[in-house]
Amino acid sequence: MTRRALLRSAGAGAIALSSPSWASSDIELPLPSGPRSRPMTTEFPQKGPMILQRTRPPLLETPAEVFDRGVFTPNSQFYVRWHWALIPNEIDVDKFKLSLRGHVNQQLSLSLGDLLRGFPTVQLTAVNQCSGNSRGFFQPRVPGGQWANGAMGNALWTGVRLRDVLDKAGVKVGALQVRFRGLEEPVVADAPPFMKSLSLDHARDGEVMIAFAMNGEQLPLVNGFPLRLVVPGWYATYWVKMLSDIEVLDQPDPNYWTKVAYTIPDTPFANMSPGETGVKMIPINRMIPRSFVTNLKDGQKVSSAGPTHLRGIAFGGDAGVANVDVSIDGGRNWKPTRLSKDEGKYSFRQWQADLSLPNRGRYTVAVRCTNANGIAQPMSSNWNPAGFMRNVVETLVLESA
Ligand SMILES: Nc1nc2c(c(=O)[nH]1)N[C@H]1C(S)=C(S)[C@@H](COP(=O)(O)O)O[C@H]1N2
Ligand SMILES: [Mo]
């Protein structure tokens, strides 16, 4: 996609965020504390079939079968999560401005044209995963969106380096953090608007990107059109959508969404015991490895005669996938799988294995990702009161007959 084409298509017209009507069908999605099923919806603009978690503000989950089709999650089925409901229905791309202000030498107010023409374009494939992905599997149950495993997606992001834009404004000595805000507003006047901050060093690492395209097309409105922050390797809460304001701070950001919400226990895998007190909490940050089987379901019948083909996806979190191993005895013995094409260290990576399951009966299949930093998924589930960072080794039972 050329820059000119992007500007043209972005300028072609506004996108309406209609009010979705009732969902059409249900999908089975059993979670330990319920529900057993969820409605499906096709009523959101630029979106295909999605699992409806909530209409306003929208929470839409990607159906599991999408992850079997390839490592890039199509824009039309990329999950959606918003905190506040007053989201613009349309964006006037000719009037849109991104402001950069605060502890800088020169404030900037950039049109989309300024941004696309004024800075080098960069591309990177990265997983965007909600901190609370898979929260519905937490036991004991925790409050919050009861996601299954579909609050994640992988895309090729195109944009400009945040560093280049910060350098154009000239960050002043004494700057500490950079705070990001989008165009939506809270529903109640005195509620805190959604904002997130990164340290100045992180913001200037050359990887953090202001993205204007996703999988080669403009962003769907509900995924942040026209601009969103991409923070490779970090949880999606930092990936601010409809990005319109960047503020360089000379003191730590006191705002609710950075300081209070989205904190985790400062322990391995953010793990603590229910009811435990005095745990040190820190802002959520880097992702940790995960892996999933995508072609077979729990309880599925397979043939004892032939090899059983197993495949799925894995990601390393803040580092590449080093190995994906599979077990047919619930995690006692492991064998390596074959890894498919490497799309970069922050991407989903497909893996495959052919299993021999010669004895009739039940096999507990487990899959485990180890990342390039040597961090492997644990065999027991982590727990914390917000339901963040689930990454236990996933298992499924196959019935050999
Ligand atoms: N402006 C804005 N950006 C936001 C949010 C939001 O509420 N408002 N939610 C964040 C959270 S918590 C998640 S999980 C991701 C979801 O990105 P997606 O909807 O494109 O999948 O957006 C992040 N960026
Ligand atoms: Mo999230």
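Numbers here are sequence positions counted from 1. Both backbone and side-chain heavy atoms feed into the values below; hydrogens, waters and symmetry mates do not.
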Problem set entry | Aromatic ring pairing Trp257/Trp84, orientation class (parallel under 30°, perpendicular over 60°, tilted between) | perpendicular
For this session: Please check if any side-chain donor atom of Asn333 sits under 3.5 Å from a side-chain acceptor atom of Ser327, or the reverse.
Result: no
Problem set entry | Name of the residue among Tyr346, Phe212, Trp239 meeting side-chain contact (heavy atoms from CB on, under 4.5 Å) with Trp157 | Trp239
Interatomic spacing from [atom1] in [X] to [atom2] in [Y] - rounded to 0.5 Å:
X      : Y      : atom1 : atom2 : value
Leu200 : Asp205 : CG    : CG    : 10.5 Å
Leu229 : Ile210 : CG    : CD1   : 7.0 Å
Leu227 : Met242 : CG    : CE    : 10.5 Å
Arg117 : Leu110 : CZ    : CG    : 12.0 Å
Arg349 : Thr125 : CZ    : OG1   : 12.5 Å
Met214 : Leu156 : CE    : CG    : 10.5 Å

Do you know which two heavy atoms are closest between [X] and [Y], and how far apart they sit?
X      : Y      : answer
Pro120 : Arg161 : CG-NH1, 4.2 Å
Val127 : Met287 : O-CE, 3.5 Å
Phe180 : Ser197 : CD1-CA, 4.5 Å
Asn255 : Met195 : ND2-O, 3.4 Å
Arg38  : Leu52  : CD-O, 3.9 Å
Tyr363 : Asn359 : OH-N, 2.9 Å

Carboxylate-amine/guanidinium contact [X] [Y], below 4.0 Å:
X      : Y      : value
Arg101 : Asp245 : yes
Lys259 : Asp253 : no
Lys301 : Glu399 : no

For this session: Using the side-chain hydrogen bond (donor to acceptor under 3.5 Å, both in side chains) rule, collect all pairs that involve residues 381-398, keeping only residues at least two apart or in two chains.
Result: Arg290-Glu394
I'd like to check [X] versus [Y] (side-chain heavy atoms, cut-off strictly below 4.5 Å). Are they in contact?
X      : Y      : answer
Val367 : Phe292 : no
Gln77  : Pro63  : yes
Asn371 : Asp318 : yes

Counting neighbours of [atom1] on [X] that are heavy atoms of other residues, nucleotides or ligands and sit closer than 6.0 Å, is the number greater than 12?
X      : atom1 : value
Arg69  : CZ    : yes
Arg338 : CZ    : yes
Arg54  : CZ    : yes

Under 3.5 Å, side chain of [X] to main-chain N/O of [Y], donor-acceptor pair present?
X      : Y      : value
Glu207 : Ala203 : no
Thr62  : Tyr79  : yes
Asn154 : Thr73  : no

Exercise. Quick one: side chain to side chain donor-acceptor pair (under 3.5 Å) partners of Asp167, sequence neighbours excluded?
Worked result: Arg204
Exercise. Has Lys196 got its NZ or CZ under 6.0 Å from the middle of the six-membered ring of Tyr238, at an angle within 45 degrees of the ring axis?
Worked result: yes
Exercise. Are Tyr262 and Phe388 near enough that their ring centres are under 6.0 Å apart?
Worked result: yes
Exercise. In a check of side chain to side chain donor-acceptor pair (under 3.5 Å) between Asn223 and each of Lys241, Lys47, Gln46, which one passes?
Worked result: Lys47
